[in-house]
Amino acid sequence: MYDRILFPTDGTKGVDRATDHAIDAADRYDATLHVLYVVDSDIVNAYSGDEFVDGSEGAEETLEENGREALEAVAERAESAGVEVVTDLVYGTPDEAILRYIDEEDIDLTVMGSKTRPGEYRRMLGSVTERVSRQSPAPVSIVKTTVSG
């Protein structure tokens with residue numbers, strides 16, 4: 001049913017349930033798991049770099065390093081489960097980059113984590129997961145995790 005499953009990750013805590021779900025789905029359908037990290041170009045472009053005294057590392061390098069670590073962590077878990085995995089680190093606006101990847105790689109299913117936060121926070125900010133789920137031509141499975149505060 002699914003040959004190519006996408007799991008976009010931001011590397012934050014609390015995505016373990018979504019990671020497990022993506023790996024399980026890829027294993028169940030004998031699909032290739034595509035793990036994607038998007039370096040948010042809006043953050044890179046908005047950041048002056050003044051906080052880094054030695055100038056050797058800025059927002060872009062930090063985000064890239066976080067992305068490589070996040071991709072590696074998911075890839076190791078997938079490989080230990082016997083799942084074929086492809087990783088990719090791209091630049092762009094997260095929802096747009098994810099949607100572009102879905103189209104370019106002919107993704108059959110996308111598994112995304114969504115952190116459920118209390119109160120006004122959720123109503124004030126749009127969610128990458130919500131935007132992708134509304135615009136994706138392929139099914140999107142949303143795995144919710146409750147985050148306090």
K.L.:
With rounding to the nearest 0.5 angstrom, report the CG to CG distance, Leu109 to Leu6.
P.N.:
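Answer for the CG-CG pair, Leu109 versus Leu6, is 9.0 Å.
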K.L.:
Can you tell me if Asp30 has over 12 outside heavy atoms packed within less than 6.0 Å of its CG?
P.N.:
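No, because the 6.0 Å sphere around CG of Asp30 holds 12 heavy atoms or fewer from other groups.
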K.L.:
If you measure from CZ on Phe7 to OG on Ser141, what distance do you get to the nearest 0.5 Å?
P.N.:
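OG of Ser141 is found 10.5 Å from CZ of Phe7.
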K.L.:
Over all heavy atoms of both residues, which pair between Gly11 and Ala70 is shortest? Give the atoms and the distance, please.
P.N.:
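Taking every non-hydrogen atom into account, CA-CB, 3.6 Å.
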K.L.:
What closest approach, in Å, do Ile23 and Ala81 show between heavy atoms, and which atom pair accounts for it?
P.N.:
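Closest heavy-atom pair between Ile23 and Ala81: CG2-CB, 3.7 Å.
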K.L.:
Which distance, rounded to the nearest 0.5 Å, do you find between the CD1 of Ile142 and the NE2 of His21?
P.N.:
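One gets 10.5 Å once the value is rounded to the nearest 0.5 Å.
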K.L.:
Could you tell me if the side chain of Ile102 sits less than 4.5 Å from the side chain of Pro137, heavy atoms only?
P.N.:
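Yes, their side chains come closer than 4.5 Å.
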K.L.:
Return the CD1 to OH distance between Ile98 and Tyr37, rounded to the nearest 0.5 Å.
P.N.:
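So the gap between those two atoms works out to 11.5 Å.
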K.L.:
How far apart are the C-alpha atoms of Arg134 and Asp95, what are their side-chain angles, what is the distance that settles it, and do they pass the salt bridge (charged side-chain N to carboxylate O under 4.0 Å, His left out) test?
P.N.:
CA-CA 11 Å; Arg134 280 196 303 263; Asp95 57 308; over 6 Å; no
K.L.:
Please name the pair of heavy atoms, one in Val83 and one in Ala31, separated by the smallest distance, quoted to 0.1 Å.
P.N.:
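Nearest heavy atoms, Val83 then Ala31: CG1-O, 4.1 Å.
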K.L.:
Distance check, rounded to the nearest 0.5 Å: Asp27 atom CG versus Ile5 atom CD1?
P.N.:
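Asp27 atom CG to Ile5 atom CD1 measures 9.5 Å (nearest 0.5 Å).
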K.L.:
If you define the side chain from C-beta out and look only at heavy atoms, does anything of Thr19 sit under 4.5 Å from Thr9?
P.N.:
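Thr19 vs Thr9: side chains apart.
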K.L.:
Just grab all the salt bridge (charged side-chain N to carboxylate O under 4.0 Å, His left out) pairs involving residues 96-105, residues at least two apart or on different chains.
P.N.:
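Residue pairs passing salt bridge (charged side-chain N to carboxylate O under 4.0 Å, His left out), neighbours aside: none found.
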K.L.:
Looking only at non-hydrogen atoms, find the nearest pair between Val35 and Leu71 and report the distance.
P.N.:
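What the structure gives for the nearest pair is O-CD2, 3.3 Å.
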K.L.:
Kindly indicate whether the side chain of Val128, heavy atoms from C-beta on, has any atom under 4.5 Å from the side chain of Met112.
P.N.:
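In short, these two side chains touch, coming nearer than 4.5 Å.
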K.L.:
Search all heavy atoms of Ser136 against all heavy atoms of Ala138 and return the closest pair with its distance.
P.N.:
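Shortest heavy-atom contact: OG-O, 2.8 Å.
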K.L.:
So which atom in Val90 and which in Ala97 form the shortest heavy-atom distance, rounded to 0.1 Å?
P.N.:
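Residues Val90 and Ala97, closest heavy atoms: CG2-CB, 4.1 Å.
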K.L.:
Might you confirm whether atom CZ of Arg68 has over 12 heavy atoms from other residues, nucleotides or ligands at distances under 6.0 Å?
P.N.:
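Yes.
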K.L.:
Go through the steps to decide whether Arg77 and Leu33 satisfy the test side chain to side chain contact (heavy atoms under 4.5 Å, CB included), and finish with yes or no.
P.N.:
CA-CA 11 Å; Arg77 288 175 63 181; Leu33 181 63; over 6 Å; no
K.L.:
Would you check if the side chain of Thr129 reaches a backbone N or O of Gly113 as a donor-acceptor pair within less than 3.5 Å?
P.N.:
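Such a contact is found between Thr129 side chain and Gly113 backbone.
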K.L.:
Nearest 0.5 Å, please: how far is NE2 in His34 from OG1 in Thr110?
P.N.:
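NE2 of His34 is found 10.0 Å from OG1 of Thr110.
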